[in-house]
Structure formats: C-alpha cells, structure tokens
Amino acid sequence: MYIEDLKFSLWADFIERDYLDNEFKELIDKKIINGATSNPAIFKNAILTSSAYKKQLKSLGNIPAKEKYEALAIYDISKAADILRPLYDTKDDGYVSIEVDPSLCDDAPATIAEGKRLFKTINRPNVMIKVPATTAGYIAMEELTSVGIPVNATLVFKKAQAIACANAFKRGVYRYDKIVDTVVSIFVSRIDRALDKELAAKGIDVALSGIYNTASIYAIIEQMDVKGCRALFASTGVKDDSLAADYYIENLLAYNSVNTAPVDTIMAFTKNSVTTSALPIKKEIIDAHFSKIQEAGIDFEALLDTQVKVGLETFKDAFKEILESI
C-alpha cells in the first residue's frame with residue numbers, strides 16, 4: 001500500500017504492452033502502485049496507437065473482431081496480473097481489472113456469462129471483472145461474487161448506485177461464505193468538468209462538487225461495512241491547468257480506499273509529502289455546497305444521471321471503435 005497507516009492504495013489507470021514491460025514494473029518495485037485498472041477507452045488508445053500489438057494481431061488471422069480484441073486484452077491483463085502477483089500473495093492488493101463488453105450493460109445473463117468466461121480464461125486470482133453499475137450490473141455483481149470472482153463496480157456517480165453495488169456484494173459474499181475483494185469505483189472529475197463553468201458564472205466555488213459527492217458516497221460505503229469492499233476513486237486526472245496535477249488524489253486521501261489515476265497524476269502525488277486523510281468531510285460543509293447549487297436552479301441529480309449515460313456511451317463507442325479498427 002502507498003500509505004500503510006491509512007490502508008490507502010494507488011493503482012495505475014493505464015494498460016499498454018510496452019509500459020507493462022518497463023515503467024509498470026518500476027512503479028511496483030518502488031512501492032508507488034500496487035494495482036492497475038483498464039477500461040475500453042484505455043485499451044482503444046493502446047491498441048490503436050501502439051505498434052506493440054501489430055505482431056499479435058497479424059498472428060490471429062481471420063477471426064471475429066471481438067475475439068481479436070479479447071486476445072489482445074487478455075494477453076495484457078494476464079501479463080499485468082503476473083507482474084502484480086507477488087503483491088497479491090502478500091495481501092497487498094495486486095489486482096488488475098478488465099471490463100466486460102459495455103454493450104452488455106443492460107443484459108445481466110450475458111454480463112455474468114462473459115465475466116465468468118474472462119475470469120476462467122485469464123485464470124489468475126488477482127483479476128477483477130469490471131461491471132458497470134446498472135440494474136443488470138447489480139445482478140451480475142452478486143452472481144460473480146457468489147462464485148468467488150473479484151468485481152470492480154464501475155461508473156458510479158450516485159449514492160443509490162453505490163448502495164446497490166454494496167448490497168449486491170453483500171449478498172454475493174453471503175452466498176459464497178468467504179470474503180471476496182470488491183471495489184466501488186466512484187467517478188470524480190467528470191462531475192466538475194460538466195458543472196464548473198456554470199457554477200463559476202453563478203459565483204459558486206468550483207472543483208468541489210466531484211469531491212463532495214464522492215466524499216458522501218465514501219462515507220456510505222464505509223458505514224455499510226461490506227466485508228472485502230472498498231471505495232475506489234476513479235476519473236482523478238486533472239484537465240484544468242488551474243488545479244494541481246494531483247488535486248483529486250490529495251483531496252480524496254482516505255482510510256481504506258483506493259485511488260486509480262493516470263501515471264503522470266500518480267507521479268505528481270509522489271512528490272507531495274501529504275499523508276493526512278482528507279476524508280471524511282463534515283456533512284454540514286457538503287450540504288451547504290449542494291444547497292447553493294440547488295438554489296441556483298441546477299438539478300444536480302439530473303446531471304449525475306447524464307454522466308452515467310455519457311460514461312456508458314463513451315465506453316461503448318470506444319469498444320466499437322476497437323472492433324471496427326481490427
């Protein structure tokens with residue numbers, strides 16, 4: 001763990017073949033990261049821009065595009081899992097996530113089948129199957145954890161989503177009768193990017209809505225105390241030059257949590273000597289901020305609903321672009 005006293009972990013939100021052979025190992029050896037995450041957008045950028053995949057693609061011949069994608073992704077995830085395995089064996093996380101086909105987000109049986117197939121094919125215990133937090137996704141989360149498969153619940157923006165994820169994990173763990181490691185991935189910076197321009201125009205403090213929303217969800221997850229389940233803070237890279245590169249790591253430093261971030265963001269944080277928890281944040285402070293937003297006529301819940309939809313569409317589009325290109 002990056003900060004042992006806080007049980008705080010840093011995971012790299014990046015997968016690419018050349019990186020796995022070089023910088024990834026260095027970050028692990030230096031005890032900077034102890035896990036990794038991927039998503040369709042990350043794989044799209046890697047596969048479409050890196051020459052490292054050309055040889056394997058050529059060797060795959062004339063098979064369906066999805067089978068080609070899975071072959072490439074499974075190779076990378078397997079390699080990452082093997083590199084991380086010593087950490088897993090010493091109970092220092094060591095997980096890497098792979099997402100099911102996002103087009104299955106409303107199909108629970110298909111999500112379950114694909115999650116089980118990917119986990120069996122990769123055949124590493126330190127792989128998390130990433131499932132979007134939808135109605136169908138909650139069913140899949142329970143079923144996967146009920147057979148001992150670690151799950152990363154992704155695209156969580158709302159308290160109701162987080163509660164549904166945690167309850168699904170609780171039911172799954174009860175059925176399995178053993179602890180299964182799970183994370184609830186709460187998306188942060190996308191909220192501020194969608195909202196801050198309007199807030200600034202209305203004289204409301206910016207770059208806080210994502211953090212306060214996340215802090216509220218984190219508190220709920222901690223209170224639910226589902227065995228093996230932690231909050232994971234995702235979408236923590238900074239797009240606004242007015243913010244410090246590690247803004248969404250430092251301001252979400254919390255006990256029993258994970259932050260997954262781009263490598264540049266992580267390296268910026270390593271230069272920061274902050275080790276004091278930033279969470280919890282007082283409820284009165286959070287409520288006051290969102291009261292101002294409501295009084296300004298902004299429907300924050302509707303904005304969160306939009307972000308869930310946009311997030312799903314972004315991953316679906318990225319997945320579709322990969323298949324079309326290969």
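Just the heavy atoms: all of them, side chains too, but no hydrogens, waters or symmetry mates, feed the values below. Each residue takes its place number in the sequence, starting with 1.
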Item checked: Shortest non-hydrogen separation from Ile204 to Lys292 and the atoms involved -> CD1-O, 3.6 Å
Item checked: Nearest-0.5 Å distance that lies between atom CD in Glu70 and atom CG in Leu323 -> 9.5 Å
Next item on the list: Determine, for Lys25 against Asp29, whether the closest basic-nitrogen to carboxylate-oxygen distance falls under 4.0 angstrom.
Entry: no
Note to self: With a 4.5 Å cut-off on side-chain heavy atoms, are Lys271 and Asp246 touching?
What the structure shows: no
Margin query: Let me check something: do Tyr88 and Ile149 share a hydrophobic cluster, defined by ILVMFWY side-chain heavy atoms less than 4.5 Å apart, either directly or through other members?
Written below: no
Next item on the list: Could you grab the distance from atom CZ of Arg171 to atom OG1 of Thr145, nearest 0.5 Å is fine?
Entry: 9.0 Å
Notebook entry, point to check: Is the backbone N or O of Gly148 less than 3.5 Å from a side-chain atom of Lys178, with the two atoms forming a donor-acceptor pair by type?
Noted result: no
Checklist line | Greater than 12 external heavy atoms within 6.0 Å of Gln56's CD | finding: yes
Next item on the list: May I ask you to decide if Val206's main-chain N or O and Asp192's side chain share a donor-acceptor pair within less than 3.5 Å?
Entry: no
Check: Can any side-chain N or O of Asp13 pair as donor or acceptor with the backbone N or O of Thr260 at less than 3.5 Å?
Finding: no
Item checked: Carboxylate-amine/guanidinium proximity below 4.0 Å for Lys239 and Asp196 -> no
Notebook entry, point to check: Roughly how far, to the nearest 0.5 Å, is the CG atom of Leu27 from the CD1 atom of Ile83?
Noted result: 11.0 Å
Check: Under a 4.0 Å N-O cut-off, is there an ion pair linking Lys316 with Glu313?
Finding: yes
Check: Is there a donor-acceptor pair closer than 3.5 Å between any side-chain N or O of Thr236 and the backbone N or O of Ser189?
Finding: no
Checklist line | Test side chain to side chain contact (heavy atoms under 4.5 Å, CB included) applied to Val96 and Ile77, step by step | finding: CA-CA 7 Å; Val96 60; Ile77 295 296; 3.8 Å; yes
Note to self: Test side chain to side chain contact (heavy atoms under 4.5 Å, CB included) on Phe300 and Leu195; report intermediate values, then the result.
What the structure shows: CA-CA 9 Å; Phe300 187 69; Leu195 187 59; 3.9 Å; yes
Checklist line | Lys320 side chain near Pro40 side chain, heavy-atom distance below 4.5 Å | finding: no
Note to self: Within the structure provided, determine whether Asn34 and Ile28 are in side-chain contact (heavy-atom separation under 4.5 Å).
What the structure shows: no
Margin query: Return the CD1 to NZ distance between Ile293 and Lys202, rounded to the nearest 0.5 Å.
Written below: 11.0 Å
Next item on the list: Output, in order, the C-alpha distance, side-chain angles, deciding distance and verdict of side chain to side chain donor-acceptor pair (under 3.5 Å) for Tyr53 and Asp76.
Entry: CA-CA 10 Å; Tyr53 297 89; Asp76 282 4; 2.5 Å; yes
Next item on the list: Using a 4.5 Å cut-off on heavy atoms from C-beta on, say whether the side chain of Ile32 contacts that of Met267.
Entry: yes
Checklist line | Side chain proximity check, Val184 to Phe169, heavy atoms < 4.5 angstrom | finding: yes
Margin query: Run the side chain to side chain contact (heavy atoms under 4.5 Å, CB included) test on Leu199 and Ile298 for me, step by step, so that the C-alpha distance in whole Å, both residues' side-chain angles and the decisive distance to 0.1 Å come before the verdict.
Written below: CA-CA 9 Å; Leu199 293 186; Ile298 299 170; 3.7 Å; yes
Check: Under 6.0 Å between the ring centres of Phe319 and Tyr69?
Finding: yes
Next item on the list: For the residue pair Phe24 and Tyr19, categorise the inter-ring angle as parallel (less than 30°), tilted (30 to 60°) or perpendicular (more than 60°).
Entry: tilted
Checklist line | Residue pair Asp92 / Met1, side-chain heavy-atom distance below 4.5 Å | finding: yes
Check: Are the side chain of Thr134 and the backbone of Cys105 linked by a donor-acceptor contact shorter than 3.5 Å?
Finding: yes
Notebook entry, point to check: What is the minimum heavy-atom distance between Ala136 and Asp107, and which atoms define it?
Noted result: CB-N, 3.7 Å
Item checked: Pairwise salt bridge (charged side-chain N to carboxylate O under 4.0 Å, His left out) hits with a residue in residues 145-163, at least two apart -> Lys158-Glu301, Lys158-Asp305
Notebook entry, point to check: Looking only at atom types and distance, does a side-chain atom of Asn259 sit under 3.5 Å from a main-chain N or O of Tyr248, one as donor and one as acceptor?
Noted result: yes
Next item on the list: Report yes or no: does Ser257 contribute a side-chain atom to a donor-acceptor pair with the main-chain N or O of Leu253 at less than 3.5 Å?
Entry: no
Notebook entry, point to check: Within a radius of less than 6.0 Å around NZ of Lys66, do more than 12 heavy atoms belonging to other residues, nucleotides or ligands occur?
Noted result: yes
Check: Distance-only, no hydrogens or angles: does the Ser146 side chain make a donor-acceptor pair with backbone N or O of Glu143 under 3.5 Å?
Finding: yes
Notebook entry, point to check: Taking all atoms of both residues into account, what is the closest heavy-atom pair of Ile163 and Met224, and its distance?
Noted result: O-CE, 3.8 Å
Checklist line | Residue pair Phe233 / Leu252: nearest heavy atoms and the distance that separates them | finding: CE1-O, 3.1 Å
Check: Is atom NZ of Lys79 surrounded by more than 12 heavy atoms (other residues, nucleotides or ligands) closer than 6.0 Å?
Finding: yes
Notebook entry, point to check: Counting distance only, does the side-chain N/O of Asn126 pair as donor-acceptor with the main-chain N or O of Gly94 below 3.5 Å?
Noted result: yes
Check: Can you hop from Val151 to Phe119 via hydrophobic side chains spaced under 4.5 Å?
Finding: yes
Note to self: Just so I know, are the side chains of Leu304 and Asn213 near enough to count as touching, which here means a heavy-atom distance under 4.5 Å?
What the structure shows: yes
Item checked: For the student: nearest non-hydrogen atoms of Asp101 and Glu114, plus distance -> N-OE2, 2.7 Å
Notebook entry, point to check: How many angstroms lie between CD in Gln307 and CG in Leu312, if you round to the nearest 0.5 Å?
Noted result: 11.0 Å
Notebook entry, point to check: Do Thr270 and Tyr2 have side-chain heavy atoms sitting under 4.5 Å apart?
Noted result: yes
Margin query: Just verifying a value: how many Å separate Met128 CE and Thr37 OG1, rounded to the nearest 0.5 Å?
Written below: 11.0 Å
Note to self: Using only atom types and a distance under 3.5 Å, with no angle test, would you say the side chain of Tyr218 pairs donor to acceptor with the backbone of Tyr255?
What the structure shows: yes
Item checked: Intermediate values then yes/no, side chain to side chain contact (heavy atoms under 4.5 Å, CB included), Ser185 and Val156 -> CA-CA 6 Å; Ser185 292; Val156 173; 5.7 Å; no
Next item on the list: Quickly, which of Ile217, Ile191, Thr154 forms a side-chain contact (heavy atoms from CB on, under 4.5 Å) with Ile186? Name it, please.
Entry: Ile217
Checklist line | Path from Leu84 to Leu20 over hydrophobic side-chain contacts below 4.5 Å | finding: yes
Show every donor-acceptor pair shorter than 3.5 Å between a side-chain atom in residues 42-51 and any protein atom, with sequence neighbours excluded, or say none if there are none.
unit_1 : atom_1 : unit_2 : atom_2 : d
Lys44  : NZ     : Glu321 : OE1    : 3.3
Asn45  : ND2    : Ala41  : O      : 3.4
Thr49  : OG1    : Asn45  : O      : 2.2
Ser50  : OG     : Glu16  : OE2    : 2.6
Ser50  : OG     : Ala52  : N      : 3.1

Notebook entry, point to check: Taking everything shown except Phe290 itself, do over 12 heavy atoms lie less than 6.0 Å from its CZ?
Noted result: yes
Check: What is the ring orientation for Phe187 with Phe157, classed by angle as parallel under 30°, tilted 30 to 60°, or perpendicular over 60°?
Finding: tilted
Notebook entry, point to check: What closest approach, in Å, do Thr111 and Ala140 show between heavy atoms, and which atom pair accounts for it?
Noted result: CG2-CB, 3.6 Å
Notebook entry, point to check: For the residue pair His289 and Tyr212, does the interplanar ring angle fall in the parallel (under 30°), tilted (30 to 60°) or perpendicular (over 60°) class?
Noted result: perpendicular
Next item on the list: Can you sort out the partners of Asn251 under side-chain contact (heavy atoms from CB on, under 4.5 Å), two or more places apart, ordered by chain and number?
Entry: Ile211, Tyr247
Next item on the list: Determine whether more than 12 heavy atoms belonging to other residues, nucleotides or ligands lie under 6.0 Å from atom NZ of Lys170.
Entry: no
